[in-house]
Novice: 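One structure follows; several queries about it will come next.
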Amino acid sequence: MPHVHFVLQGKGGVGKSFVASLLQQHFLASGAAVRGIDTDPVNATFASYKAFNATHLQIMKDNEFVPTEFDTLSEWILEAEQDSVFVIDNGAATFVPLCAYLVENDLISFLKEQDIQVTLHTVLTGGQALDDTIDGLKSLFDHFPETQICVWINEYFGRPEKNGKSFEESKLYKDNIDHIHGLIRIRKATEGTFGKDLEQMLNNKLTFDEAIASPDFRVMAKQRLKTTWRDLNSQISALQF
């Protein structure tokens with residue numbers, strides 16, 4: 001059956017497009033017929049990766065949200081082949097409008113009735129964005145109680161700990177454990193080595209395979225990127241989407 005992956009978070013700059021790129025790379029590597037969709041009206045980062053050939057769906061016109069563009073997206077999904085995979089990267093600016101569209105149109109239930117599987121992905125990070133990303137996760141729990149959510153723990157800005165407790169120790173996690181498909185941890189990278197390599201790769205909108213094959217990366221940088229991708233890809237594989 002087709003499988004749709006929505007990457008959603010109301011806080012900007014926390015790694016949503018990176019998550020979408022990791023999912024896209026995972027499904028491409030597995031040989032799936034994957035289609036990437038970028039609905040971010042401000043920063044179409046996901047669509048900037050040439051390797052993905054992702055579609056940038058224009059859902060804003062004259063600074064106004066155009067809900068009928070999501071009708072177009074829905075039609076693409078409904079018309080897809082049985083083994084299709086969609087990765088949809090949604091911008092922070094349209095988090096509320098897209099969630100409202102999904103709820104008002106009961107779209108997820110409708111897709112499930114058509115034997116289309118849906119997984120929501122969101123990012124949880126530490127530092128100053130912790131409370132905002134927690135609020136975004138809570139909103140998804142509240143609005144989509146019947147839909148599995150994959151939580152990506154991005155440690156780039158720090159571990160998402162509240163009152164000395166990790167996310168897995170929190171009441172929010174325990175109350176919604178049956179609602180969580182799984183956790184994927186983007187580990188804090190050593191700034192001078194792993195972090196520098198990732199930054200160079202991301203700034204140039206390269207996939208891991210492209211960076212590893214590029215003459216612009218030194219031998220040990222390529223080795224570090226291989227190690228990072230092996231870790232992330234194995235975590236995604238373990239969730240058996």
Novice: I'd like to know whether NZ of Lys196 has more than 12 heavy-atom contacts from other residues, nucleotides or ligands below 6.0 angstrom.
Specialist: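 Not more than 12 within 6.0 Å, no.
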Novice: Report yes if some heavy atom in the side chain of Val4 is under 4.5 Å from a heavy atom in the side chain of Gln117; otherwise report no.
Specialist: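 Side chain of Val4 against side chain of Gln117, heavy atoms only: no contact under 4.5 Å found.
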Novice: Which distance, rounded to the nearest 0.5 Å, do you find between the NZ of Lys11 and the CD of Gln9?
Specialist: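 Interatomic distance, Lys11 NZ to Gln9 CD, rounded to 0.5 Å: 9.5 Å.
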Novice: For a 4.5 angstrom cut-off between non-hydrogen side-chain atoms, does Gln235 reach Leu239?
Specialist: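 SC-SC contact between Gln235 and Leu239 ruled out.
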Novice: Please report the interatomic distance CG(Leu98) to CG(Asn90), rounded to the nearest 0.5 Å.
Specialist: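 Between Leu98 CG and Asn90 CG, I get 4.5 Å after rounding to 0.5 Å.
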Novice: For residues Val87 and Ala20, report the shortest heavy-atom separation together with the two atoms involved.
Specialist: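 Smallest interatomic distance, heavy atoms only, reads CG1-O, 3.7 Å.
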Novice: Indicate whether the side chain of Ser74 and that of Asp71 have a donor and an acceptor atom separated by less than 3.5 Å.
Specialist: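 No, because no side-chain N or O of Ser74 sits under 3.5 Å from a partner of the opposite role on Asp71.
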Novice: Are side-chain heavy atoms of Ile149 and Thr119 found at a separation under 4.5 Å?
Specialist: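 No; the side chains remain at least 4.5 Å from each other.
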Novice: List the atom of Leu78, the atom of Gln114, and the distance in Å for their closest heavy-atom pair.
Specialist: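 Looks like CD2-CG, 3.8 Å.
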Novice: Would you please say whether a donor-acceptor pair under 3.5 Å links the side chains of His143 and Ser139?
Specialist: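 Ser139 and His143 do have a side-chain donor-acceptor pair below 3.5 Å.
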Novice: Quick check: closest heavy atoms across Asp231 and Ser234, and the distance to 0.1 Å?
Specialist: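 So the minimum-distance heavy-atom pair works out to O-OG, 2.7 Å.
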Novice: Is there side-chain contact between Asp89 and Thr39, with at least one heavy-atom pair below 4.5 Å?
Specialist: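 Not in contact.
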Novice: With no hydrogens and no angle check, is any side-chain donor or acceptor of Asn176 less than 3.5 Å from a backbone partner on Leu172?
Specialist: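 Pair found, side chain donor or acceptor close to backbone of Leu172.
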Novice: When the aromatic ring centroids of His121 and Phe6 are compared, is their separation below 6.0 Å?
Specialist: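 No, ring centres 6.0 Å or more apart.
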Novice: Check whether Leu23 and Leu137 end up in the same hydrophobic cluster, where Ile, Leu, Val, Met, Phe, Trp and Tyr are linked by side-chain heavy atoms less than 4.5 Å apart.
Specialist: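 Leu23 does not cluster with Leu137.
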Novice: Distance from Leu120 atom CG to Leu140 atom CG, nearest 0.5 Å?
Specialist: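 Between atom CG of Leu120 and atom CG of Leu140 there are 6.0 Å.
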Novice: With a 6.0 Å cut-off on ring centres, are Phe144 and His179 close enough?
Specialist: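 No, the ring centres sit 6.0 Å or more apart.
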Novice: Determine whether a donor-acceptor pair (N or O, by modelled atom type, separation under 3.5 Å) exists between the side chain of Ser17 and the backbone of Thr45.
Specialist: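 Flag not set: sc Ser17 to bb Thr45 has no pair under 3.5 Å.
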Novice: Output yes when Lys16 and Asp40 qualify as a salt bridge under the 4.0 Å nitrogen-oxygen rule, no when they do not.
Specialist: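 Answer for the salt bridge query: no.
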Novice: Look at the rings of Tyr173 and Phe167 and say which category their plane angle falls in: under 30° parallel, 30 to 60° tilted, over 60° perpendicular.
Specialist: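 Plane angle over 60°, so perpendicular.
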Novice: Using the rule given for salt bridge (charged side-chain N to carboxylate O under 4.0 Å, His left out), can you reason through Lys162 versus Asp131, listing the C-alpha separation, both sets of side-chain angles and the distance that settles it, and then say yes or no?
Specialist: CA-CA 9 Å; Lys162 190 88 170 174; Asp131 289 339; 2.4 Å; yes
Novice: Should the heavy atoms of other residues, nucleotides or ligands under 6.0 Å from CZ of Phe65 be counted, would the total exceed 12?
Specialist: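 Yes, CZ of Phe65 has more than 12 neighbouring heavy atoms, counting only those of other groups under 6.0 Å.
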Novice: What closest approach, in Å, do Ala211 and Leu225 show between heavy atoms, and which atom pair accounts for it?
Specialist: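 Ala211 and Leu225 have their closest heavy atoms at CB-CD1, 3.7 Å.
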Novice: What I'd like to find out is whether the side chain of Leu73 reaches to under 4.5 Å of the side chain of Leu57, using heavy atoms alone.
Specialist: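 Counting from C-beta outward, Leu73 and Leu57 do come under 4.5 Å.
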Novice: Find the distance between CD (Gln128) and OG1 (Thr133) and round it off to the nearest 0.5 Å.
Specialist: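 It is 12.0 Å, given to the nearest 0.5 Å.
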Novice: Considering all heavy atoms of both residues, which atom of Tyr101 and which atom of Pro67 are nearest to each other, and what is their separation?
Specialist: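 It is CE1-O, 3.6 Å.
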Novice: Is it the case that the side chains of His56 and Asp38 hold a donor-acceptor pair, with the cut-off being a distance below 3.5 Å and no angle test?
Specialist: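 Distance-only check fails for Asp38 and His56.
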Novice: Quick one: does any side-chain atom of Gln148 pair with a main-chain N or O of Asp178 as donor and acceptor, under 3.5 Å?
Specialist: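 The answer is yes, because a donor-acceptor pair under 3.5 Å joins these two groups.
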Novice: Is there a side-chain contact between Thr125 and Leu130 in this structure, where contact means two heavy atoms from C-beta onward sitting under 4.5 Å apart?
Specialist: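 Of all side-chain heavy-atom pairs linking Leu130 with Thr125, none is under 4.5 Å.
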Novice: Is it true that Tyr49 and Val19 fall in one hydrophobic cluster, defined by side-chain heavy atoms closer than 4.5 Å?
Specialist: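 Yes: a chain of side-chain contacts under 4.5 Å links Tyr49 to Val19.
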Novice: Give, for atom CG of Leu107 and atom SG of Cys99, the distance between the pair rounded to the nearest 0.5 Å.
Specialist: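 That separation rounds to 12.0 Å.
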Novice: For the pair Thr228 (side chain) and Arg224 (backbone), establish whether a donor and an acceptor sit closer than 3.5 Å, ignoring hydrogens and angles.
Specialist: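 Yes, Thr228 side chain to Arg224 backbone: donor-acceptor pair under 3.5 Å.
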Novice: Determine yes or no for a side-chain-to-main-chain donor-acceptor pair under 3.5 angstrom, with Gln25 supplying the side chain and Ser21 the backbone.
Specialist: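 The answer is yes, because a donor-acceptor pair under 3.5 Å joins these two groups.
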Novice: Examine distances only and state if a side-chain atom of Ser214 and a backbone atom of Asp216 form a donor-acceptor pair shorter than 3.5 Å.
Specialist: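 The answer is yes, because a donor-acceptor pair under 3.5 Å joins these two groups.
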Novice: For Asp175, does the CG atom sit with more than 12 other heavy atoms under 6.0 Å from it, leaving out its own atoms?
Specialist: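 Yes, CG of Asp175 has more than 12 neighbouring heavy atoms, counting only those of other groups under 6.0 Å.
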Novice: What pair of heavy atoms forms the shortest contact from Val123 to Asn154, and how long is it?
Specialist: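 Result for this residue pair: CG1-CB, 3.9 Å.
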Novice: Is Leu22 close to Trp229 at the side-chain level, that is, under 4.5 Å between some pair of heavy atoms?
Specialist: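 Heavy-atom side-chain distance check passes, below 4.5 Å.
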Novice: Under 4.5 Å between side-chain heavy atoms, counting indirect links through other Ile/Leu/Val/Met/Phe/Trp/Tyr residues: same cluster for Val118 and Val85 or not?
Specialist: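 Looking at the clustering, Val85 is in a separate group from Val118.
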Novice: Could you tell me if the side chain of Thr94 sits less than 4.5 Å from the side chain of Pro41, heavy atoms only?
Specialist: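 Yes. Closest side-chain heavy atoms under 4.5 Å.
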Novice: Just verifying a value: how many Å separate Phe217 CZ and Glu210 CD, rounded to the nearest 0.5 Å?
Specialist: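 Here the interatomic distance stands at 10.0 Å.
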Novice: Centres of the Phe27 and His3 rings: under 6.0 Å?
Specialist: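 No; His3 has its ring centre 6.0 Å or more from that of Phe27.
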Novice: If you group Ile, Leu, Val, Met, Phe, Trp and Tyr by side-chain heavy-atom gaps below 4.5 Å, do Phe110 and Ile116 land in one group?
Specialist: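 Hydrophobic grouping puts Phe110 with Ile116.
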Novice: Is the cationic atom of Arg185 (NZ for Lys, CZ for Arg) positioned less than 6.0 Å from the six-membered ring centroid of Trp152 and within 45 degrees of its normal?
Specialist: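 So Arg185 doesn't make the cation-pi contact.
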Novice: For side chain to side chain contact (heavy atoms under 4.5 Å, CB included), just list the numbers for Met220 and Arg218, CA-CA rounded to whole Å, side-chain angles, deciding distance to a tenth of an Å, and then say yes or no.
Specialist: CA-CA 6 Å; Met220 289 311 300; Arg218 300 177 68 180; 5.9 Å; no
Novice: Cationic tip of Lys188 within the cone over Tyr156's six-membered ring, i.e. under 6.0 Å and within 45° of the normal?
Specialist: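 Verdict for Tyr156: a cation-pi partner in Lys188.
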Novice: Do Val42 and Phe95 sit in one hydrophobic cluster, given that two such residues count as connected whenever their side-chain heavy atoms are within less than 4.5 Å of each other, even indirectly?
Specialist: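 No; tracing contacts between hydrophobic side chains, which count when under 4.5 Å, never links both residues.
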Novice: Output, in order, the C-alpha distance, side-chain angles, deciding distance and verdict of side chain to side chain contact (heavy atoms under 4.5 Å, CB included) for Thr147 and Phe141.
Specialist: CA-CA 8 Å; Thr147 306; Phe141 284 144; over 6 Å; no
Novice: Check the pair Phe86 / His5 against ring-ring contact (aromatic ring centres under 6.0 Å, His included), numbers first and verdict last.
Specialist: CA-CA 6 Å; Phe86 286 82; His5 297 266; over 10 Å; no
